[in-house]
Structure formats: C-alpha cells, structure tokens
Protein chains: 2
Amino acid sequence: MHDFDLRNFLPYLLNQAAEETSIRFSRIYKDRYGMLRTEWRVLFHLGRYGDMTASEIGRLSKMHKTKISRAVKALENKNFVTRRESSGDRRLGILTLLPQGRSAFDDLVEVAEKHNSDLMAGFSTGERTVLIDCLQRLAAFEDLPD
Amino acid sequence: MHDFDLRNFLPYLLNQAAEETSIRFSRIYKDRYGMLRTEWRVLFHLGRYGDMTASEIGRLSKMHKTKISRAVKALENKNFVTRRESSGDRRLGILTLLPQGRSAFDDLVEVAEKHNSDLMAGFSTGERTVLIDCLQRLAAFEDLPD
DNA sequence: TCTTGTTGGTTACAAAAGCAACCAGTACTA
DNA sequence: TAGTACTGGTTGCTTTTGTAACCAACAAGA
C-alpha cells in the first residue's frame with residue numbers, strides 16, 4: 001500500500017475526464033450519422049476552417065494520417081465530403097464539405113455547444129478560464145523539449 | 001466557416017491533453033515491462049489499494065470488465081499478479097501483487113510522480129488546485145442524472 | 001428445493017487503431 | 001536530367017478494443 005494517488009495523476013485523471021465527457025456527445029454523432037470520433041473530428045475541422053488537405057488536418061488535430069485517410073473515406077461514402085486534386089501539387093487532396101456534410105456539421109455544432117455548456121455549468125468563470133488555459137498548455141506539452 | 005472553436009470544446013481538449021500527457025509515461029511502462037495502459041492501471045490499483053477483485057478495480061477505474069480480465073491475464077503471465085479464489089464467494093478472484101509486480105509498481109510510481117510534477121511544473125499552486133478539482137468533477141460527470 | 005434473476009468473470013467475434021511498407025509526386029543537387 | 005531524399009496519402013497486416021453471448025456461482029422468493 002503506497003500513498004501515490006491515481007486521482008491526482010494527470011494522465012489518468014485527464015483520461016477519465018475525457019472519456020466521461022465524450023460519451024454523451026459520441027452517442028449523438030454515432031446515432032444520428034453513424035460517425036466515429038475520427039470522422040467527426042475531420043468534419044469539424046472542415047466545417048470550422050474551410051477546405052483543407054488531410055495533412056493540414058493532421059497537423060492541427062495530431063491524428064495519425066491513416067486515421068484521417070480512413071475517416072475521409074468514410075465521409076466520402078456518406079457524401080459528406082468530396083476531394084479534388086490540387087492544381088499545384090498533385091499529391092494533395094483538397095477536402096470540401098458537401099451540403100449533407102455541412103448540415104450534419106451545423107447540427108452537431110449546436111449539440112456540441114450545448115453539451116459544452118452543460119459540462120461547464122458547474123464551474124465559475126474563473127475556474128473555466130484556468131481550466132481551459134491549463135488544458136491548452138497540457139495539450140501542447142509533448143511539443144516541448146524533453 | 002463557423003465560429004465554433006474546437007480548442008474550447010472540453011471533450012476534444014481533454015482528449016488532446018490526455019494523449020499528450022500520456023505518451024512519455026506509456027513509453028516507459030511499455031519499454032521496461034511490455035505493459036499496456038490497461039495493465040498498468042490494474043497494477044496501480046493493486047499497488048495502491050492492496051488486494052482487490054477485478055470488479056472492484058472496475059468500479060474504481062471504470063474500465064470495462066473485459067479489459068480488466070485481459071489485463072489481469074497478461075499480468076499473470078508476467079508473474080506480476082496472482083489470483084486466489086475467495087473462500088466466501090467462489091465467483092470472486094482476489095488479486096495480489098507478486099514480488100516482481102510490486103517492484104515494477106514501485107519503479108513506475110517513482111516515474112509517475114516525477115512525470116506528474118513535470119506536467120504540473122508550469123502551473124501555479126492556485127491553478128493546480130483548480131485544475132485537479134475541475135477534472136475530478138468532470139470525471140464524475142457521467143454519473144450525474146441527465 | 002425449484003426457478004428466476006443477478007453478479008463476477010471469460011471467451012469469441014467484429015470493429016477500430018497502430019505500424020510499417022508502399023506508391024506517387026516533388027524538391028534538391030550534382 | 002539522373003539520383004537521392006522527402007512528403008502526401010493509401011493499403012495490408014497485427015494488435016487492441018468493443019460487444020454480446022455465455023458459464024458458474026450466488027440470492028431471493030414461491
């Protein structure tokens with residue numbers, strides 16, 4: 001019996017919090033649109049930032065390129081997204097939201113905003129600021145030198 | 001282009017932070033002991049709380065029972081853990097750390113404590129308190145009524 | 001004590017993630 | 001303009017996870 005407390009260990013605690021807060025939202029994009037987490041992430045990037053290539057999404061989201069590749073394929077099958085070749089660099093596939101994808105995005109953004117404010121509801125303004133700020137710094141932690 | 005910002009969306013942000021903060025530590029338990037995340041979680045519960053059954057670990061960690069079952073099997077194969085049948089209820093398997101598991105635990109606790117303080121290093125005392133408190137509340141969110 | 005329901009735990013099968021190899025296309029540079 | 005090295009992206013194979021079905025063992029009531 002050791003006094004190390006898992007409940008103060010950030011990687012563990014963050015993981016628990018991430019899982020708990022994701023469940024309800026994931027049920028919605030899964031039930032309504034048959035999407036996976038990787039798929040809504042791609043969708044959200046395109047909806048939020050406009051046309052992008054897979055590797056740009058990768059840089060922002062830090063998802064591995066195979067995940068993105070498969071998510072894009074699934075979104076194409078759903079007619080949510082289309083891909084056209086870049087005129088300059090022919091390796092690049094520029095991804096664009098199609099009307100159906102746009103409307104799923106609009107729908108899910110509303111859900112996400114509601115869900116987010118539910119999650120934040122218990123916190124004071126000051127707590128929210130600190131929480132978001134700390135999380136953003138932690139999310140960038142691995143980019144720091146060892 | 002919508003103004004919804006993924007970077008303020010808690011489920012996303014928490015996930016990013018969780019992944020980033022887990023990488024270094026996971027490399028260590030993987031490299032040194034060939035363990036998976038599920039395995040170190042079980043190990044840490046036993047090391048921290050003493051003998052437990054699989055379902056007690058499940059209640060605390062919220063891991064699904066199949067994950068625990070497989071993690072326990074892997075830990076038994078490594079001679080980190082042993083299981084004996086409860087004298088009372090013969091369904092229950094009481095899990096105990098073996099010397100090798102104990103020493104891996106001791107080693108990893110040190111690593112985890114160091115890693116945790118590295119992660120916290122950038123935060124003020126006030127920030128730490130708020131962060132941990134908010135995360136613990138978020139981790140319990142799904143237990144709340146809808 | 002039968003019978004119905006529950007709980008602890010495992011297993012088998014399907015879905016998803018991780019990893020490495022690969023195929024273009026580009027970029028450098030000799 | 002050939003050679004080498006890199007980048008964007010896909011595919012195939014392996015490892016992990018999720019899900020549901022299942023097998024004991026227990027519990028509670030008729």
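Lettering follows sequence order; numbering is per chain, from 1. Because the structure is predicted, anything quoted here is derived from the model rather than measured.
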Which label fits A:His115 and A:Phe25: parallel for a plane angle under 30°, tilted from 30 to 60°, or perpendicular past 60°?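 Rings of A:His115 and A:Phe25: parallel, as their planes differ by under 30°.
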
How close or far is atom [atom2] of [N] from atom [atom1] of [X], stated in whole angstroms?
X       : N      : atom1 : atom2 : value
B:Arg41 : D:dT16 : CZ    : P     : 15 Å
B:Met63 : D:dT16 : CE    : P     : 15 Å
A:Met52 : D:dG8  : CE    : P     : 13 Å
A:Lys67 : C:dA20 : NZ    : P     : 16 Å

Tell me whether A:Lys114 at atom NZ has more than 12 heavy atoms from other residues, nucleotides or ligands lying less than 6.0 Å away.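 It does not: A:Lys114 NZ has 12 such atoms or fewer within range.
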
Scoring nucleotides 7-16 of chain C by protein non-hydrogen atoms under 4.0 Å (B base, S sugar-phosphate only, - none) yields BSBBBB---S

Please name all residues satisfying ring-ring contact (aromatic ring centres under 6.0 Å, His included) with B:Phe123, sequence neighbours left out, ordered by chain then number.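 Scan of B:Phe123 (ring-ring contact (aromatic ring centres under 6.0 Å, His included), adjacent residues dropped) gives none.
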
Is it true that a side-chain atom of B:Lys62 and a backbone atom of B:Ala139 form a donor plus acceptor pair closer than 3.5 Å?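 Yes, because the side chain of B:Lys62 sits within donor-acceptor range (under 3.5 Å) of the backbone of B:Ala139.
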
Backbone N/O of A:Glu56 and side chain of A:Thr53: donor-acceptor pair under 3.5 Å: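 The answer is yes, because a donor-acceptor pair under 3.5 Å joins these two groups.
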
Close aromatic pair by centroid cut-off 6.0 Å: B:Phe105 and A:Phe4: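 No, the ring centres sit 6.0 Å or more apart.
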
